[in-house]
2 protein chains.
Amino acid sequence: MITETVDVSTNDPMAAAIEVFTRRGYDATTVDDLADAVALSRSTFFRRFGSKEEVVFADHDLLLDQVETYLATSPLPPLEAVCAAGRLVFDHHVDRREVSVARFALLHDVPALRDRELITSHRYERAFTRYLRASLAATADREYVSVAFSSAAVALHNAILRRWLLAPAADLAPELRAQLRALVRAFAPTRDQRRREGVLVAVFDPEADRETILESIRQSLG
Amino acid sequence: MITETVDVSTNDPMAAAIEVFTRRGYDATTVDDLADAVALSRSTFFRRFGSKEEVVFADHDLLLDQVETYLATSPLPPLEAVCAAGRLVFDHHVDRREVSVARFALLHDVPALRDRELITSHRYERAFTRYLRASLAATADREYVSVAFSSAAVALHNAILRRWLLAPAADLAPELRAQLRALVRAFAPTRDQRRREGVLVAVFDPEADRETILESIRQSLG
DNA sequence: TCACTTGTTGAAACTCAGTGTCACTCGATA
DNA sequence: TATCGAGTGACACTGAGTTTCAACAAGTGA
């Protein structure tokens with residue numbers, strides 16, 4: 001075992017772990033090494049972080065809590081609240097650029113950690129779904145809208161986050177905002193706009209002439 | 001170690017493994033027990049299935065292959081092809097009701113296997129995304145449509161599959177079809193319908209009178 | 001028939017993640 | 001001072017997964 005004093009002064013075991021994994025290699029780093037690096041006993045390490053994989057995503061425990069309390073108290077309409085929660089998570093990463101980028105690079109080399117990331121990000125998806133199920137109006141397809149929207153929102157977030165991680169100089173927050181807004185529009189094409197403006201959709205035979213089409217619209221508008 | 005001769009005649013190690021896990025408990029079953037049950041040496045077991053977790057989802061290797069070759073050869077428009085692929089996966093489960101239900105019950109008790117399921121089903125999502133990215137028309141948001149649609153499709157599939165697993169007597173295939181169709185509609189409100197019928201969407205001030213609205217539509221159709 | 005390859009299998013030893021147990025410490029409270 | 005509880009460390013133990021090596025096919029060519 002190699003005694004190594006990583007900068008513990010930051011008091012961020014996750015960052016220290018990522019640093020050690022990156023420098024020494026994930027497989028080559030034993031939990032003993034890791035415990036040394038974060039100045040904890042092996043026992044305490046497992047008690048605090050659960051596993052060698054989970055340290056790498058330790059920040060998400062807290063973040064998920066924040067997301068859940070945000071959802072519980074947000075005044076926004078459900079779908080918008082989920083979007084805002086997604087932006088919360090995105091900002092969390094942007095605010096810690098250095099660790100986020102380091103973790104991203106590490107994941108590139110370690111499949112096991114990519115799997116763990118998947119599991120981690122799925123916890124957000126479940127939180128979103130649970131929230132939407134409880135908050136959306138009780139239409140017939142509420143369940144499926146909740147499931148599909150949550151999943152798509154998380155997927156969009158992840159895709160844009162990954163793009164940002166490849167080029168952290170860019171500000172992709174507006175991009176995320178725009179894509180999530182588009183998602184809301186796709187899932188609630190009528191409800192959310194109906195307050196300000198009416199929507200009319202006419203399906204017609206493209207062969208028909210203009211006046212015939214207009215006449216049937218006139219009748220529909222009654 | 002307990003020597004136990006599970007019905008190996010079916011030649012389905014996955015089913016045998018699920019059976020043993022269910023009867024003896026996942027944690028209580030060692031890989032040695034497992035290897036015995038499927039009439040393989042420990043070494044060969046790992047070579048063939050990779051891990052104790054992965055045996056439980058061994059069928060997905062083949063299924064994912066089928067899905068990928070289906071996508072590569074399907075004549076349907078991209079989004080519909082993904083829907084069809086999703087139905088392929090659904091049917092696979094329905095066709096093997098007994099194993100599927102047994103696995104579902106097992107997952108209920110074993111968190112580690114639920115995580116593994118997540119990872120497994122994500123492989124479909126990636127396959128869908130890759131396919132859509134390559135097949136959709138090169139619009140600006142092709143990437144995000146691919147990501148969001150794939151993810152939502154998989155999520156819908158999983159939700160409906162889970163409902164079916166709770167009550168396998170019901171035929172939920174039409175439900176899946178309908179929900180996936182709705183998803184396509186949400187993501188491609190115009191493109192996919194344009195071939196057979198025109199679509200007209202008019203946004204108007206609900207205070208405006210009928211003729212004013214019709215006049216602006218007339219001009220748009222001009 | 002005999003080498004020689006190539007791929008599959010089993011046996012066995014080894015590493016190390018993760019668990020469980022027990023004793024210790026420290027701070028708070030009675 | 002005695003006690004209680006929570007957090008910690010030391011240590012032993014289990015078992016998953018890896019690696020190595022030998023045995024054994026089943027071709028393949030001479």
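Order of the sequence lines fixes the chain letters, A, B, ..., with proteins taken first and strands second; residue numbering starts at 1 for each chain.
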Is the number of heavy atoms from other residues, nucleotides or ligands within 6.0 Å of CZ (B:R177) greater than 12? no
Whole Å only: how far is the OH atom of B:Y26 from the C1' atom of D:dT14? 15 Å
Before accepting this row, confirm whether a basic side-chain N of the pair B:R163/A:E143 lies closer than 4.0 Å to the acidic partner's carboxylate O. no
Calculate the interatomic distance between A:F21 atom CZ and C:dC16 atom C1'; express it in whole Å. 13 Å
When rounded to whole Å, the CG to C1' distance for the pair A:D32 and D:dA12 reads 14 Å
Nearest whole angstrom, please: distance from the C1' of D:dG17 to the NZ of A:K52. 12 Å
Report, as yes or no, whether the 6.0 Å neighbourhood of atom CZ on B:R114 holds more than 12 heavy atoms from other residues, nucleotides or ligands. yes
Would A:K52 count as a cation-pi partner of A:Y26, with NZ or CZ less than 6.0 Å from the six-membered ring centre and within 45° of the ring normal? yes
Taking only Lys NZ, Arg NE, NH1 and NH2, and the carboxylate oxygens of Asp or Glu, determine whether B:E117 and B:R103 approach each other closer than 4.0 Å. no
Less than 6.0 angstrom separating the ring centers of B:H60 and B:Y124, yes or no? yes
Which of residues 41-49 of chain A have a heavy atom under 4.0 Å from DNA chain C? A:R42, A:F46
CG of B:L113 versus P of D:dA16: gap in Å, rounded? 13 Å
Can you tell me the distance, in whole Å, between the CD atom of B:E53 and the P atom of C:dG18? 11 Å
To the nearest Å, give me how far apart CZ (B:R24) and P (D:dG15) are. 12 Å
